[in-house]
Amino acid sequence: MRITVDEGSCVSGGQCVAAAPAVFDQRDDDGVVILLHAEPPAGELENVRRAAQICPAAAIRLEEASTA
Amino acid sequence: MLRLPVSHFAGSGTRPYGPIILRRLSLTASESRGFVVTDREPRCPFDPSARLVAMRESGRPTEIRVSESEYGDVDMLLLTRYEDVRSVFGNRRIDHSFVPAPAGEDSISSAQPGFLPRYNGAEHQRLRRLVMGTFMPKSVAAMRPMIERVVQQKLDALAAAGPEVDLVADYALSVPSSVIGHVLGVPESDHERFHTVSAGVTDVSLPRDEAMAAFMRLNEYVGALVAENHKNPGDGLVGRLVTGQHGEATDDELIGLLGILVVAGHETTAAMIGLSALALMQQPEQRAIMMDPAHSTADAVEELLRYLSISGTLTRAVAEDMEVAGHPLKAGDRVLVSALTANRDPEFVEKPDVLDLTREPSAHMTFGYGIHQCVGQHLARVELQIAMPALFERFPDIRLAVPAEELRYTGGGNVYALESLPVLL
């Protein structure tokens, strides 16, 4: 899986951090998303999918890896 | 649909839907309201009314007319299904919008820049980002010791005032008021005055002119706080804002922004504490789950947020001609959504009308969704995670002091809440 985040549309809701704290963080001054791991480990995939699903700004995009 | 008169107000990033007024000054007076989105079933004050449920079960949006004696009738499209509510909240071409103020009259929020809910687009994002760093999960986690201290202080005060107390006035309202005071950087010696000023704004029983006066008092109070922090910047949010640590804003914008934080940070959490206490007194098996260290307190609170659905009328306006849930709308048309029926939609969760604190956390609509989603949601969660177990731990025999049928509720304003909750400790 490959994650991309759109900082421009991020509303600093912190839902991604609540769902997948090992993958997402937030900037201290304005709460905008920081992507810690663009290619998250297998154990985090479920959390990441949930983060993308609940992101209020739909600012998280996931490319599911093809099993090559 | 009725076309509402269009006027302009200063500030780019806002769209000209007409003057804005606080919902509680327009939609809340029960005698003038044609419809209440937070309608509950009289026999079970936690459940949506049969009328609201029937609307959701029809599978279609409902055209309703909100009758306002002051403003005339406003036609709106009411959405009650989870999927529709979420899709309206998440649509960037559907803006937050209030019902217009009477012609020629100022409303509080249109007179006060910085009042976050009325902004949309880039200006909304600029203002929102000024405060979001304060309400991140990690920022709120650092507030836990402060919140625990506040909660213990209020429990001590309850014990001293008992055995019969009003849990709404003496706990539900006073905990969030103190917490938001600490967050802003109000000196602790001034918390009582701060509480009086903020409580005035959340009193939905006040007539319009008194409610306006209460808002002016809050603006004056916050204005003085901003001025004081200019002279002597404190380490609270106000101090960080006036020193520009989170970005640039005018003092007027800061006053409006801080004012809405006070209101939104106060009555919403208070409503949740009061109703949660009632629900957990009435359902001892759920209360046992809340107190069981083997169960997640965070999950329990999430279910209370879903089940109690305290958020009030949430009005939106479409920015351009579009279809909403298969219904054609013109630019400027109003849309009303019910978080209450969305959270109780059987297509969203199984057995939606059952309070089950062991439920997997759900993506409920209590904090809204989309760009206007509640700024203080993580703070509210932590306040509840601390305040609810602490209450029952301190007072294990707590029980209602009056029959449940005598309890009175306020609805249709910013929140659905208990007017008072007399208990024996």
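Chain letters run A, B, ... following the sequence lines, proteins first and then strands; every chain starts at 1.
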For A:Gln15, is there any backbone N or O sitting under 3.5 Å from a side-chain donor or acceptor partner on B:Gln377?
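No; zero donor-acceptor contacts below 3.5 Å.
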
Side chain B:Tyr369, main chain A:Cys55, donor-acceptor under 3.5 Å:
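It does hold such a pair.
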
Answer yes or no: are there more than 12 heavy-atom neighbours, outside B:Glu83 itself, under 6.0 Å from its atom CD?
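Count not over threshold, so no.
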
Around atom CD of B:Glu323, are there more than 12 heavy atoms of other residues, nucleotides or ligands at under 6.0 Å?
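Atom CD in B:Glu323 is crowded, with more than 12 foreign heavy atoms closer than 6.0 Å.
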
Quick one: which residues of residues 379-386 of chain B reach chain A at under 4.5 angstrom, heavy atoms only?
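Near chain A, by residue number: B:Arg381.
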
Applying a heavy-atom distance below 4.5 Å, give me the residues of residues 128-138 of chain B that approach chain A, sorted by number.
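Those residues of residues 128-138 of chain B which have a heavy atom under 4.5 Å from chain A are B:Arg128, B:Arg129, B:Met132, B:Gly133, B:Met136, B:Pro137, B:Lys138.
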
Could you tell me which portion of B:Arg86 (side chain, backbone, both or neither) has an atom closer than 4.5 angstrom to a non-hydrogen atom of chain A?
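Just the side chain, heavy atoms under 4.5 Å.
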
Heavy-atom proximity to chain A below 4.5 Å, by part of B:Gln245
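Backbone only.
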
I need the minimum non-hydrogen distance between A:Ile54 and B:Ala363, along with the two atoms involved.
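Between these two residues, the closest heavy atoms are CG2-CB, 4.0 Å.
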
In terms of heavy-atom pairs under 4.5 Å, which option from A:Ala57, A:Ala58, A:Ala18 contacts chain B the most?
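Heavy-atom pair counts peak at A:Ala57.
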
